[in-house]
Structures are given as C-alpha cells and as structure tokens.
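Accompanying notes for the structure given below.
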Amino acid sequence: MTEEIYSLKDVSYGYNGNAAALSGINLSVRNSETISILGANGSGKSTLLKILDGLVYPTGGTVSFHGRILMPGENRSVFREAVGFVFHEPDAQLFCATVFDEIMFGPVQLSITEGEAKERAGDVMNMLGITALRDRPPYSLSSGEKKKVAIASVLSVNPDVLLLDEPTNGLDPRTQVWLMELIEGLRKRGKTCVIATHDLSLAEDVSDRVVVLGENHSVMADAATARVLGDKELLLKANLIHEHGHRHGDIFHIHSHGPYSTHDEHNKG
Amino acid sequence: MEEMKLPEWMGEAKAVKYLDGIDVRQGFMEKNLLTLARFARGFVFQSNNAAGRGLLQSVDPSARIVGIGVLIVACVFARSAGEIMFAAAISLMLAVFSRVNMLMLLKRILPAFLLTLTVFSPVFFGFFSGGSELMGFDVFSARVALTFEGVRLGAMLVSRVIVITSFMAILFLSTAESDIFKGLSRLPVPGFFTTALFMTFRYLFVLLKIVEDAGLSRKSRVINPAKLKDTQGWFAFSVGFMVERAFRFSGDLTSAMVSRGFTGRLKVSKGVPFAIADYAWLGFSFFVFFIMARA
C-alpha cells in the first residue's frame, strides 16, 4: 500500500464561529492518488482544500501531513514546496506584474536559486504553451490564459501534491480537455492530485477515487470512482445531478443528467 | 416534472417606449461614476510608449526611476527662471528622444498646471507677494494688483510644478507599469512599500471594473435618470460594498501568496546588472543635479 500523505481525523471547521463549513471529516490521501472531492455549492470543498494547504486550520479534529500534525503559526517551507494550490479565482492568485514574474514568484520565495527558477519558469511556460504570454500583465489575459498561468505558477514550485479548486470552471471545452490531459500527465509522473469540483465528467475521467461532501458538510461517500458515480441515488441526494422530464410526442421520459444518464420511465402523456 | 407556475403579470405584453431621438438627460451617476471609472482605467492603464524604441526605453527601469528622481530633485533646487527653463528643455528633449506622445504628455501636465495655478493664484497679487505694481484695480477700498515680484514668483512656482510633472509623466509614459514596480523592487526601497503599491495598483483595476459593471447593470434597468438623492444613496452603498469586496480580495490574495511560500518578507529576483547606457544616463542626471544645486 502506498504511503499516506494526508490523514484527516474528525475535522470540523466553522467561519467566524458561525455554522459549520465542514463537519466530522475523516479522510486519507495516499501518495500518487488522484482524488476528486465532489459536492454542491457551499458543501465545503474549497474549505477542505484550504485545510489541506494549511491556509486555515480546523476548529475541531486534526490534519496530519506525512504523519505530522499541521499547526497554526507554522509556515514550513518544506510543506510549501511539497503542496501547491490552484485557486478557484485566478484574479486572487495572479498578483505579479508579468506572467514570468508570476511563475517565478513561488521558487523565489522558497529560495530556489535564480538560475534554476528561471529554467523552471521557461520549462513550465513551454509545457503549458504560454511562452508568448511571458511579458504580459496577468490581469490582461483571458480566463483560460489566466487559469494556465495560475497552474504554471504552482507547477514551477514542483509540488508533490496539487490541490485544484474547481479547475474547469469558466473554461471553454478545448481548454477543459487540455486541463484533463495535464492532470493525466501529472498522474503518470506520480503527483498526488486533489480536485474539488462538481464537474462529474472531470471526476470520471481523471480520478482514482471520489469523495462526496453532502449539503450537511460531511462525507457522504468515499470510494472508487465507478462505484460512487454509478450510485444515482447518492448523486441526487448530494445535489450533484438532477432529474427532469421531457416529451417525445406522446411519450414522456424522466431521466437524470450525469455520467450515467438513464431513461427511467416511458409514459404516455 | 411539474411546470413552474409564473405570476399573471409575467404574461402581459408591454407597450415598449422607444427613446430614439429623445435626448435623455444624464443623471449624477451616468455623468460622474461611470465616467470616472472609465477615465481612471483609461488614464492609469492607457497604452503608453513603453514598447517603443527610444532613449529612456533603452535604459534599465531601475536606472530610469533613479535618473528621473534625481532630475526632479534638481528642479527643486532650481533658483532662477533660467535654471527652470534649462530643466524644461531637458524634459522636452527626453520626451522627443523617448518618442513620447506629446498629446498624452500634455494631457497629463494640464491638470497639474491648472490646479497649481488655481491654488497659488494669490501669489501673483500684491497683497500676498508685495512688490511693484504691474496692473490692478480697486475693490471697494482695497487695491488688488498684479505685481512684478508676484508674477515672477508665481510663474517660477507654476513652471517648476509643470517641469516636475512632465518628468513624472515621461517616466510613466515610457515605462510599462510592470517595469515600474520591477524597477522599484530592485532599488533600496522598503519591500513593503513596493508590494503595497503594486497590490493597490493591481486591484484598483479589478475594483474599477466592478464599479463600472455595477453602474452599467443599474443603468440597464433604468429608463429615466434617477433622482440625485436616490443615486447618491446607491453610490454610498456601492462604496461600502467595494470596501467589503476589497477586504475579501485581500484575504484571498494573502492566502495565495502564503500558499506559494510567502512568509511576510517579499523576496525578489536579482535584476540584470546595469549596462554602460544605464550608467551614462545616471551620470547625466547627476550632472544636471549638481549644476542646479550648486551653491
């Protein structure tokens, strides 16, 4: 069995003492796994990723990284080198003057030598096809370009664990395919990816395992991808798919939209 | 699945009022808020001559900033009209050789000129500066007169401000905003200052866009201009909303920086060492400074 990277035991989190954003989360993430965290809006997916990145700390329970509990007030560069977080909102993540500076930011903060940092930045820009954007200010880029630069700015640090928050949100179909291919490439390189999303097709295509957060902010399911995505009742309950009816002439269909759409009933209207 | 029931009034056809040909008077918001947001975005982010190949563009941004700074300080030390004219000639020469768009330069100098002239207009008059009268008139029992010394003093003050403003404008018009911050970060300027300045600049763009969109979305639901009091109330609410939004942004931004290794002290990559052209430019700036600052 591969090494356990993260161990969350009974983790809870509430914003400013208000209602819980996460409740009693038990989760294990192993080396080289690709896990999708599925959940409807407000279920706590982003909060969970922030906890995994040590940006916020649980109000209850513990989070361990390679066996060591993450504590507030510590900001270990070793941890920061090992874990990278691509935010949901690129505008919050892109704060440097040019794309090149953005990609250099992480390595420079982690005291990687300038020569190596520049080499990494060049390689990452080549890999993601954004070399032409090198001297552009990030705020002038399109959504897809911003997302690529945001990802590049994290990859330049060469993290072992990649946390992605709604990575396909707002992307056109071609860029979504590009992203899936990138995640697949990272998987093959042994990277561990944790992806927060409500895009079931992304989860189906790239994940080894799926964790479903319910609207009660706790884990509803944690199992292999096919098993979770094949459980229609679970997906309906978690507000990840919906059901609707439509007519074909005098035939009325009810079916759900999701990775395993089925026509459940045929009625004469 | 059940069809959603809509209220009756949604099914009523409306008589659409076409406003073609009717001159709709602009309200407070249309005149001020949207114009201000667009102007600020255009003024701050206007494409400049930074990409051009000119004198200043061939100098390292750090050297550029230091050189212009030295010239500005030199203007402060100018004691005569001749020295200010000398500085003005240097400014004009820099603008020409750096291929700065003169119209854009004038647009940036004009507000400074008008503001300075307005604020310091009393200097031109005898009741402030004294001296021999040039021309004047009586107001009730008081004499209001332009004096030779007043005009000389006022002209020097206004022209000094114009020349300093022109140097600043030439710097910003010949330097990409990214290079300004990069240049500052490589100088012995406190890192916090540069970081805070850049973040303010960076997110000003985002917030201005939000302001503009909020204004447009309101405008899209209004046919006639709203009453001034209503619009002012909405404007005040929007300012509060912007402050809240700015706080949230700053929280996300801090998280993003920490996530990539920021520990509170910003580290910057070392720049390329100065070339001969950079030293020549700095030498020229300091030479002008020593001429103007001589005792």
Side-chain angles (χ1 to χ4, degrees), chain A residues 46 49-50 53-56 75-77 79-81 83-115 117-118 121 135-140 150 153-154 156-157 159 163 242-246 252-254, chain B residues 1-4 41 44-45 47-48 50-51 61 175-186 191 194-210 245-272:
Chain A
S46 297
L49 288 194
K50 285 180 182 173
D53 198 36
L55 295 175
V56 298
N75 195 354
R76 290 158 288 188
S77 65
F79 178 77
R80 289 285 157 230
E81 278 184 50
V83 183
F85 188 174
V86 179
F87 282 64
H88 170 232
E89 179 65 61
D91 274 325
Q93 181 163 359
L94 303 177
F95 44 75
C96 290
T98 63
V99 166
F100 184 72
D101 289 341
E102 198 68 64
I103 298 170
M104 286 276 288
F105 181 86
V108 170
Q109 300 317 301
L110 294 169
S111 301
I112 291 170
T113 62
E114 183 142 341
K118 283 184 178 170
D135 294 320
R136 294 260 309 266
Y139 59 74
S140 68
S153 70
V154 171
S156 62
V157 174
L163 308 172
H242 68 273
E243 251 183 353
H244 73 267
H246 60 261
F252 183 70
H253 285 168
I254 292 176
Chain B
M1 193 170 74
E2 281 186 26
E3 191 179 304
M4 190 182 292
R41 279 210 300 156
V44 174
F45 301 100
S47 59
N48 53 42
T175 312
E177 52 261 22
S178 56
D179 283 343
I180 297 248
F181 296 109
K182 219 186 288 188
L184 277 174
S185 66
R186 287 177 194 152
T194 317
T195 309
L197 195 65
F198 175 71
M199 295 300 177
T200 306
F201 179 86
R202 161 74 178 92
Y203 287 97
L204 186 63
F205 175 80
V206 175
L207 291 175
L208 280 172
K209 182 78 175 61
I210 293 171
R245 190 81 192 249
F247 270 119
R248 258 197 294 139
F249 250 133
S250 70
D252 289 343
L253 173 65
T254 308
S255 293
M257 292 177 77
V258 167
S259 174
R260 280 150 67 191
F262 179 68
T263 55
R265 289 185 62 190
L266 191 69
K267 295 174 193 169
V268 292
S269 53
K270 298 186 193 71
V272 177

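Keep in mind the model is a prediction, meaning the values are calculated, not measured. Below, read A as the first sequence line, B as the second, and so on, with proteins coming before strands; counting in each chain starts at 1.
- For the pair A:D53 and B:R260, the salt-bridge criterion is not met [side-chain N within less than 4.0 Å of a carboxylate O].
- For the pair B:P61/B:I180, no side-chain contact is recorded, criterion being any heavy-atom separation below 4.5 Å from C-beta on.
- By the ring pair (Phe, Tyr, Trp, His ring centres under 6.0 Å) test, A:F87 pairs with A:F85, sequence neighbours left out.
- Heavy-atom distances place no part of A:V56 under 4.5 Å from chain B, backbone and side chain included.
- Applying the side-chain contact (heavy atoms from CB on, under 4.5 Å) test to A:S46 and every residue at least two apart in sequence or in another chain returns A:D165.
- Under the 4.5 Å side-chain criterion, counting only non-hydrogen atoms from C-beta, A:L110 is in contact with A:V157.
- With chain B as partner, the option from A:K50, A:E89, A:E102, A:M104 having the largest number of non-hydrogen pairs under 4.5 angstrom is A:E102.
- Looking at A:D91, both its backbone and its side chain come within 4.5 Å of chain B, counting heavy atoms on both sides.
- At a 4.5 Å heavy-atom cutoff, A:S156 makes no contact with chain B through either its backbone or its side chain.
- When each of A:P137, A:P159, A:C96 is checked for heavy-atom pairs under 4.5 Å with chain B, A:C96 comes out on top.
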